[in-house]
Student: 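A single structure is presented below for examination.
When a ligand or atom number is given, it counts from 1 through the structure's own listing order. Atoms considered below: every heavy atom in the structure, side chains included; atoms not considered: hydrogens, waters and symmetry mates.
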Amino acid sequence: MKKGTKMAALMLAMAMMTTALTACGGDAKSSSTATDTTVTDSQPQDSAPADTEPAEAGTQEAAPEAGGTLTFGTNAEFPPFEFVTGSGVIDQYDGIDIAIAKQIAEKNDMTPAIENMEFASLLVALQNGQIDAAIAGMTVTDERKEEADFSIPYYTATQVMIVREDSDITSAADLADKKICVIEGYTGEICVKDMGYPYEAFKKGTDAIMELVNGKCDVVVLDSATSQKYISDNEGLKIVEDPSAFESEEYAIAVKKGNTELLDMINTAIDAMLTDGTVAELGAQYTEGLSAE
Ligand code: ARG
């Protein structure tokens, strides 16, 4: 009996894990196709109990007061969404996300601040109150929704394959016998892992790209807009897309679980910026001159 219960629990856990790992539909065996690519309100994707549990007591927190500082955490190694530059829109930080963060703060009479950290540290920093919100081209996944609450999505992306110009890779199925590079903790890593291929994970996008340029790996799986930036900065690279293998992903801002006051404030601001075209304009501004080939 006990053994059976344990087994059932294990199977349930495994089923839930599978759900969490299908953020990019990166299942080589599935025939799923990319669907809606427009920005819409996220729909609840399943009825996993973790999703419907109320926030734990004690995690309720308010938004900073008007006149105060709204601190966004990011990982500024993800152009065109966030990068370090001589003079950015918030201190030395610039990019689509940084411009959005600035406007969210200013719409609410707050001063925006950026804390730059490792991508993998962002959700922990939210939980321990080091930052108010995380804006980092962060894809909403079921797994992350267990650790943080997400705003309405503001950008739709997909994983693509960056290869050398002479590569014979034309679809995700061609990854089978290739040396694959990903960035640690990014959805690209989850996709490749989900497909069951071996890979090497790098700390930074630029490190993985260098590996590709130097011929030490055959392909980097990474978010679309960032990939376009890298191929325009590096000679001899191109992008291969495979929408049947990589579903669309949505970027949203994360707040501490239960911080509905701040989440509402952020949602109102994003909604306004989506409606009046600000987000689209910023997207165009920061990707100007970037092409897919
Ligand atoms: N969209 C991907 C993810 O959520 C990559 C995000 C990386 N962002 C960054 N600022 N480094 O996993």
Student: Looking only at heavy atoms, is any part of Glu118 under 4.0 Å from ligand 1, and if so is it the side chain, the backbone, or both, or is it neither?
Tutor: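 Under 4.0 Å from ligand 1, Glu118 contributes no heavy atoms.
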Student: Assess whether atom CD of Glu184 is packed by more than 12 heavy atoms of other residues, nucleotides or ligands within 6.0 Å.
Tutor: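 Yes - once you tally the heavy atoms of other residues, nucleotides and ligands closer than 6.0 Å, there are more than 12.
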Student: Show the atoms of ligand 1 that are less than 4.0 angstrom away from any heavy atom in Ala136.
Tutor: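 That gives atoms 6 (C), 7 (C), 8 (N), 9 (C), 10 (N) of ligand 1.
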Student: Step by step, would you call Phe78 with Phe83 a ring-ring contact (aromatic ring centres under 6.0 Å, His included)?
Tutor: CA-CA 6 Å; Phe78 196 63; Phe83 51 93; over 10 Å; no
Student: Identify, with sequence neighbours excluded, every residue that meets salt bridge (Lys or Arg N to Asp or Glu O under 4.0 Å) alongside Glu77.
Tutor: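 Glu77 satisfies salt bridge (Lys or Arg N to Asp or Glu O under 4.0 Å) with Lys204 only.
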Student: Side chain, backbone, both or neither: which part of Thr187 comes within less than 4.0 Å of ligand 1 when only heavy atoms are counted?
Tutor: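 Contact part for Thr187 vs ligand 1: both backbone and side chain.
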Student: Any side-chain to backbone donor/acceptor pair from Thr158 onto Phe246? Under 3.5 Å, distance only.
Tutor: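 Between the backbone of Phe246 and the side chain of Thr158 there is a qualifying donor-acceptor contact (under 3.5 Å).
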Student: Identify, for atom 1 (N) of ligand 1, the protein heavy atom at the shortest distance, and state residue, atom and that distance.
Tutor: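 Result: Asp223 OD2, 2.7 Å.
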Student: Heavy atom to atom 4 (O) of ligand 1, shortest distance: which of Gln159, Glu249, Arg144 holds it?
Tutor: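 Going through Gln159, Glu249, Arg144 one by one, Arg144 has the nearest heavy atom to atom 4 (O) of ligand 1.
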Student: Could a heavy atom of Glu189 be found less than 4.0 Å from some atom of ligand 1?
Tutor: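 The answer is no: ligand 1 sits nowhere under 4.0 Å from a heavy atom of Glu189.
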Student: Considering only NZ, NE, NH1 and NH2 on the basic side and carboxylate oxygens on the acidic side, decide whether Lys256 and Asp132 come within less than 4.0 Å.
Tutor: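 Answer for the salt bridge query: no.
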Student: Mind checking whether Asn75 has an N or O less than 3.5 Å away from an N or O of ligand 1?
Tutor: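 Yes; at least one N/O pair falls below 3.5 Å.
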Student: Going by the atom numbers of ligand 1, which of them fall below 4.0 Å from some non-hydrogen atom of Tyr251?
Tutor: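 What qualifies from ligand 1 is 1 (N).
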Student: Give me the nearest non-hydrogen protein atom to atom 6 (C) of ligand 1 as residue plus atom name, then the distance to 0.1 Å.
Tutor: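 Nearest protein contact, heavy atoms only, for atom 6 (C) of ligand 1 is Gly137 O, 3.3 Å.
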Student: Which atoms of ligand 1 have any heavy atom of Met138 under 4.0 Å away?
Tutor: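 Answer, ordered by atom number: 4 (O).
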Student: Could you label the plane-to-plane angle of the Tyr251 and Phe81 rings as parallel, tilted or perpendicular, counting under 30° as parallel and over 60° as perpendicular?
Tutor: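 Answer is perpendicular, since the angle exceeds 60°.
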Student: Could you tell me whether the side chain of Asp207 and the main chain of Phe202 form a donor-acceptor pair under 3.5 Å?
Tutor: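 Such a contact is absent between Asp207 side chain and Phe202 backbone.
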Student: Hydrogens and angles aside, do Asn75 and Glu118 bring a side-chain donor and acceptor to less than 3.5 Å of each other?
Tutor: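 Absent: no donor and acceptor within the cut-off.
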Student: Nearest protein heavy atom to atom 7 (C) of ligand 1, by residue and atom, and its distance?
Tutor: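 Closest protein heavy atom to atom 7 (C) of ligand 1: Tyr186 CZ, 3.4 Å.
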Student: With only distance considered, is Thr139 within less than 3.5 Å of ligand 1 through an N or O on each side?
Tutor: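 Between Thr139 and ligand 1 (N or O atoms, distance only) the closest approach is under 3.5 Å.
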